[in-house]
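These notes concern the structure reproduced below.
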Amino acid sequence: MAARTQTEVIDVLGGWKVRRHRLDNGLVVLLLPDETTPLVSYHTWYQVGSRDEVKGKTGLAHLFEHLMFGATAGHPAGEFDRELERMGAETNAATWLDWTYYYQTFPPEALDLVLEFESDRMANLVLTGEVVEREKSVVANERRYRVEDRVDGQLDELLYSTAFRVHPYHNPTIGLLDDILGFTLEDCMGFYRSYYSPRNACVVAVGPFDPDDALARIERMLGPLEGRTPTRLPRVQEPAQEQERRAAIQGEMPAPKLVVGYRIPGIGHPDNAALVVLNTILCGGDSGRLVRRMMHETEIAADVSGWVGVFADPCLMELSVDLRQGEDPYRALAILDEQMDRLLADGVKDDEICTARNQNRLGFYLGLASASGKANQLGFFETVLGDCAEIVNRIDRIAAVDAGRVLEAARRTLLGTSRTVLVATPEQP
């Protein structure tokens, strides 16, 4: 049994007593006993995503999301899913720029089964040329459907490849088609050996269990695994952007679309929280400034939305406008500029701040209502920022946002010189 090299209790949001353990093979274990739920949610987070890929090998992290549901040394392909389904449990996975995670939600009596399978596929995944070729075909078809046949998918990919020229955030998580089709068994074996190791992982369990008993089971199943040190690519910094970048595409779509991405700090920076509040002021509900101006006053848009990146490194605040048929996307851009100029000159009102701040705090807490939501946030902050207690800092930063902080963050980041503008228009017959 592996020794516990580090144990601490973390008070999260004033009520959760999260127990963090680090086994001697490097595995981080986060345990949160929760008697308010009848189910256990178990997450395994790996600190690997599309940022860890190189030119010509994009999509490898996402391919592994598929491969990890295959056969292991101790179990044939499909057995894990069948056993979980028999118990009424669910399982899935996700991959993005900074991370990959796998999760299960199940009755408490299934914990040993889940630990057995997760241990086996962390260390003993069976990879063959046939398996790799089959999953490559699945992912290639997924790319064709989600990206190549959809304008929204093309715009998302184009936005990041245009805004990031050096930083690997320009890599599409699903991968480029030629890269997907070119993966070899050796590529997959090397990736697995590099990143699928206890030393690059964090497991999170939330539910009605005794934490000492749960830790003993985790130590027994995962503690003996070899803790290989991941082979990291050198971290690079995207150079400052000194002028606006533009790109345009045509596609099969009923009406034009405008997408604007502003370069902003990563999730750990205080400006990121201020911009989350600002995004709600601009795009949140019918009272959002851009929503009101574009959808209700000028009626040029059918939908207006915004999103603030939550990545480890500097990322993007994205604003998206679905226009009505026949409307000019550059007119929408002019209205956006008009609203941004007004914002930078006059700031925002206290009642706007209060409403937006409360909406974001409410959404954050609602996301923590379930065992799965708690496990997801604990794993995310532990993986992306290195400390699950950053949940507290995040909500505190949002609660502390005032009109002055929003204006300061906007003046630092919402600059025409450091943005990327994309326009999509219907194909001409």
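Using a cut-off of 4.0 Å between Lys/Arg side-chain N and Asp/Glu carboxylate O, R19 and E8 are scored as not salt-bridged. At a threshold of 4.0 Å, the pair K257-D152 counts as salt-bridged, since one of the basic side-chain nitrogens sits closer than that to a carboxylate oxygen. Under 4.0 Å is where a charged nitrogen must lie from a carboxylate oxygen, and between E148 and R143 at least one such pair does.
T72 and D120 share a donor-acceptor pair across their side chains, judged by distance under 3.5 Å alone. A donor and an acceptor atom, one from each side chain of N376 and Y101, are located under 3.5 Å apart. Side-chain polar atoms of T280 and N360 form a donor-acceptor pair below 3.5 angstrom. Inspection of the Y262 and Q241 side chains reveals no N or O donor paired with an N or O acceptor under 3.5 Å. Between the side chains of Q339 and R292, no donor-acceptor pair is found at a separation under 3.5 Å. A side-chain donor-acceptor contact under 3.5 Å links D179 and T58.
In this structure, CZ on R293 lies 14.0 Å from CG on L282, to the nearest 0.5 angstrom.
Ring-centre distance between Y46 and Y195: not below the 6.0 Å cut-off.
For R394 and F381, the positive end is not near the middle of the six-membered ring at less than 6.0 Å and at most 45° from its axis.
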